[in-house]
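Below is one structure; the comments refer to it alone.
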Amino acid sequence: MALTGAGGAAADPGFQSYPTAPGYRVNVRSGPGTGYAIIDAIPVGGSVTIRCQCPGTTVSGPYGTTDLWDCIGNGQFVSDAYVHTGSDGYVAGRCG
């Protein structure tokens with residue numbers, strides 16, 4: 001699984017890691033949208049390793065309103081609105 005807590009474990013090689021929004025526990029879903037099941041959560045102060053990105057449900061969060069979702073592992077997605085990538089667009093390749 002490509003998530004790390006505040007202490008930070010090693011990231012997946014070849015993929016960039018980004019911090020999640022401070023003060024938020026970020027839901028990990030089984031697909032790129034709020035209609036997918038919550039399967040895990042990134043702890044407060046955590047970070048994610050983005051493998052690829054794709055469009056999905058539009059979400060508003062600390063980093064704006066976006067339909068961009070970050071794949072952090074096989075069948076694991078978080079809304080880019082809760083990830084500090086420093087960009088409003090794609091920072092990784094498109095999924096699929």
Side-chain angles (χ1 to χ4, degrees):
M1 187 172 282
L3 41 116
T4 60
D12 290 339
F15 298 107
Q16 182 70 38
S17 290
Y18 299 92
T20 55
Y24 288 88
R25 184 175 178 268
V26 180
N27 289 331
V28 177
R29 295 185 177 269
S30 61
T34 56
Y36 290 89
I38 296 171
I39 56 173
D40 204 346
I42 309 300
V44 172
S47 64
V48 294
T49 300
I50 299 176
R51 295 170 175 262
C52 61
Q53 295 175 295
C54 62
T57 306
T58 299
V59 172
S60 293
Y63 299 118
T65 299
T66 183
D67 70 347
L68 194 57
W69 285 75
D70 305 330
C71 178
I72 62 169
N74 190 21
Q76 302 170 41
F77 294 83
V78 296
S79 171
D80 197 61
Y82 287 88
V83 180
H84 188 262
T85 62
S87 173
D88 287 337
Y90 286 84
V91 297
R94 291 180 182 247
C95 300

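Each residue takes its place number in the sequence, starting with 1. Predicted, not measured: the structure shown is a model, and the values here were computed from it.
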Backbone of Arg94 reached by a side-chain donor or acceptor of Gln53 within 3.5 Å: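 Not a single qualifying donor-acceptor pair exists.
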In residues 80-87, what donor-acceptor pairs under 3.5 Å come from side-chain atoms, sequence neighbours left out?
| residue | atom | partner | partner atom | Å |
| --- | --- | --- | --- | --- |
| Thr85 | OG1 | Ser87 | N | 3.3 |
| Thr85 | OG1 | Ser87 | O | 3.1 |
| Ser87 | OG | Gly89 | N | 3.0 |

pair Phe15-Ile72: side-chain heavy atoms closer than 4.5 Å: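 They are not in contact (no side-chain heavy atoms under 4.5 Å apart), so the answer is no.
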Min side-chain heavy-atom separation Val91-Ile50 under 4.5 Å: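 Sidechains of Ile50 and Val91: in contact.
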Cys pair Cys71, Cys54: SG separation below 2.5 Å: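 Answer is no: Cys54 does not pair with Cys71 in a disulfide.
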Reported OG-to-CD1 distance for the pair Ser47 and Ile42, which is rounded to 0.5 angstrom: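 That separation rounds to 8.0 Å.
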Gap between atom CZ of Phe77 and atom SG of Cys95 - 0.5 Å precision: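 Between atom SG of Cys95 and atom CZ of Phe77 there are 5.0 Å.
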side-chain contact (heavy atoms from CB on, under 4.5 Å) between Thr20 and Val48, intermediate numbers included: CA-CA 7 Å; Thr20 55; Val48 294; 4.1 Å; yes
Under 3.5 Å side-chain donor-acceptor pair for Ser17 and Thr49: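 Yes, because at least one side-chain N or O of Ser17 sits under 3.5 Å from a partner of the opposite role on Thr49.
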Other cluster members, Leu68 - Ile/Leu/Val/Met/Phe/Trp/Tyr, side-chain contacts below 4.5 Å: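 Reading the cluster by chain and number, Leu68 sits alongside Tyr90.
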Which donor-acceptor pairs under 3.5 Å do side chains of residues 21-37 form with protein atoms, sequence neighbours excluded?
| residue | atom | partner | partner atom | Å |
| --- | --- | --- | --- | --- |
| Arg29 | NH1 | Thr34 | O | 3.0 |
| Arg29 | NH1 | Tyr36 | O | 2.6 |
| Ser30 | OG | Ala37 | N | 3.4 |

